[in-house]
Enquirer: 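Submitted below is the structure of interest, expressed as structure tokens.
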Amino acid sequence: MRKKIELLVLAASFTGCIALTPAFAACTGRPTFEDAFQNFDSSWGQADASASVSDGKFVVSPSPGYVRIVLSQSDFYGDGSICVQAAISEASSIDGAQALVAFWAVNNSNTYLLTLGSDGKQGFFKVDRLSNNRWLTPMNWQTDPVIKYQLGEVNAVEVQMAGRTATIIINGKKLGQLNGSPPDGGGLIGIGASASAGVTTKVSFQKFQFFNATGP
């Protein structure tokens with residue numbers, strides 16, 4: 001059964017030990033957008049029990065059995081790279097907690113979600129798509145030794161968007177690529193977390209950035 005969705009955005013029409021990491025593939029230079037999470041910026045909506053900022057981290061705490069998505073209202077973004085550091089900081093059951101990076105988002109019913117999870121022995125990732133409030137999985141669960149999987153371990157996550165192609169890079173390694181349907185004129189980007197039924201979790205994010213694509 002798919003988890004229910006909690007979404008924090010600003011628009012009224014919507015509801016609702018750090019480890020060193022390898023350099024990102026395209027996350028260098030001057031970002032178009034950056035949030036170091038020194039405070040809760042209004043472009044993320046309003047802070048509440050499920051979305052807060054503390055000690056340079058944006059912490060997402062979904063209700064058990066829910067998906068919590070926080071979309072930035074800073075701009076609409078086209079070709080370029082989302083870069084962020086993500087960690088499952090706390091979880092009553094690590095295999096029931098996931099970190100999310102949202103891209104090509106239109107609203108709470110239409111978004112792509114890069115999902116990172118763990119079973120306590122290895123790390124996994126996949127890409128889901130919510131299309132008109134119906135779930136699709138254009139990229140199913142995959143594992144790779146480069147993904148850190150223990151509580152509190154930080155993964156350097158990058159989503160490169162170029163035309164209709166999204167490339168997934170974790171800890172500096174390209175892990176997958178998919179073709180999709182980006183919104184005309186650019187889409188919203190964001191972060192989030194999901195929790196299985198009965199699972200409590202806190203997922204933290206640091207240094208959220210977007211870099212415009214350069215070159216041909």
Side-chain angles (χ1 to χ4, degrees), residues 7-10 21-37 41 43-45 51 53 56-60 67-88 98-108 110-117 123 125-130 138-139 142 146-148 154-194 203-215:
L7 184 70
L8 176 63
V9 293
L10 192 59
T21 54
F24 295 13
C27 301
T28 57
R30 185 173 181 178
T32 305
F33 173 75
E34 179 175 20
D35 195 334
F37 302 133
D41 190 83
S43 65
W44 297 103
V53 167
K57 300 176 183 178
F58 196 114
V59 180
V60 184
V67 176
R68 185 68 158 108
I69 303 170
V70 191
L71 295 178
S72 172
Q73 295 291 300
S74 55
D75 207 343
F76 295 99
Y77 296 89
D79 288 358
S81 292
I82 302 168
C83 305
V84 67
Q85 298 176 7
I88 301 173
Q98 294 86 34
L100 311 176
V101 178
F103 62 101
W104 286 341
V106 177
N107 52 37
N108 60 324
N110 297 273
T111 184
Y112 286 78
L113 295 169
L114 169 61
T115 302
L116 275 73
F125 78 97
K126 68 172 178 173
V127 176
D128 285 320
R129 180 186 180 187
L130 192 57
M139 184 180 292
Q142 301 178 39
V146 76
I147 303 173
K148 299 177 182 179
V154 178
N155 283 293
V157 181
E158 179 180 353
V159 180
Q160 288 184 1
M161 297 169 288
R164 297 174 60 88
T165 301
T167 302
I168 308 304
I169 299 168
I170 300 176
N171 296 327
K173 182 178 179 180
K174 177 182 172 181
L175 297 184
Q177 195 170 67
L178 72 151
N179 293 322
S181 300
D184 291 339
L188 301 174
I189 58 178
I191 51 183
S194 65
V203 176
S204 61
F205 298 88
Q206 297 171 271
K207 198 176 180 180
F208 186 92
Q209 299 174 310
F210 182 85
F211 294 82
N212 279 335
T214 58

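The first residue of the sequence shown is numbered 1, and numbering continues consecutively from there.
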Enquirer: For the residue pair Ala86 and Val157, what are the closest heavy atoms and their distance?
Expert: CB-CG2, 4.3 Å
Enquirer: Kindly indicate whether the side chain of Ile191, heavy atoms from C-beta on, has any atom under 4.5 Å from the side chain of Trp44.
Expert: yes
Enquirer: Once rounded to the nearest 0.5 Å, what's the spacing between atom CG of Leu114 and atom CD1 of Ile169?
Expert: 11.0 Å
Enquirer: Taking all heavy atoms of Gly117 and all of Gln98, pick out the closest pair and write down the distance.
Expert: CA-CG, 4.1 Å
Enquirer: How close do Ser72 and Phe33 get, counting heavy atoms only, and between which atoms?
Expert: OG-CZ, 3.9 Å
Enquirer: So Ile82 and Phe208, do their side chains get closer than 4.5 Å, heavy atoms only?
Expert: yes
Enquirer: Could you tell me which residues satisfy side-chain hydrogen bond (donor to acceptor under 3.5 Å, both in side chains) with Asp79, sequence neighbours excluded, listed by chain and number?
Expert: none
Enquirer: Apply side-chain hydrogen bond (donor to acceptor under 3.5 Å, both in side chains) to Lys173 and list each qualifying residue two or more places apart in sequence or on a separate chain.
Expert: Asp144
Enquirer: Just how far is it from atom CD of Gln209 to atom CD of Glu34, taken to the nearest 0.5 Å?
Expert: 4.5 Å
Enquirer: Evaluate Phe76 against Leu188 for side-chain contact (heavy atoms from CB on, under 4.5 Å), listing each step before the verdict.
Expert: CA-CA 5 Å; Phe76 295 99; Leu188 301 174; 3.8 Å; yes
Enquirer: Hey, can you pull the donor-acceptor pairs under 3.5 Å for the side chains in residues 175-186, sequence neighbours left out?
Expert:
from: Gln177; atom 1: NE2; to: Thr167; atom 2: OG1; distance (Å): 2.9
from: Asn179; atom 1: OD1; to: Thr165; atom 2: OG1; distance (Å): 2.9

Enquirer: Distance from Asp41 atom CG to Ser74 atom OG, nearest 0.5 Å?
Expert: 8.0 Å
Enquirer: May I ask you to test the Phe125-Met139 pair for a side-chain heavy-atom distance under 4.5 Å?
Expert: yes
Enquirer: Looking at CH2 of Trp104 and CZ of Arg164, how far apart are the two atoms once the value is rounded to the nearest 0.5 Å?
Expert: 8.0 Å
Enquirer: Nearest 0.5 Å, please: how far is CG in Asn212 from CE in Met161?
Expert: 9.5 Å
Enquirer: Are side-chain N/O atoms of Glu158 and Ser81 paired as donor and acceptor at under 3.5 Å?
Expert: yes
Enquirer: Write down the atom of Gln206, the atom of Val84, and the distance for their closest heavy-atom approach.
Expert: O-CG2, 3.4 Å
Enquirer: To the nearest 0.5 Å, what is the distance between CD1 (Ile170) and CG (Leu116)?
Expert: 4.5 Å
Enquirer: Taking all non-hydrogen atoms of both residues, which atom of Ile147 and which atom of Gly123 are closest, and how far apart?
Expert: CG2-CA, 3.8 Å
Enquirer: Kindly write out the residues that satisfy side chain to side chain contact (heavy atoms under 4.5 Å, CB included) with Ala102, not counting sequence neighbours, or none if the list is empty.
Expert: Ile69, Leu71, Thr111, Leu113
Enquirer: Residues in side chain to side chain contact (heavy atoms under 4.5 Å, CB included) with Asp75, at least two apart?
Expert: Tyr77
Enquirer: So, using side chain to side chain contact (heavy atoms under 4.5 Å, CB included) as the criterion, who are the partners of Val53 when residues are at least two apart?
Expert: Phe37, Phe40, Phe58
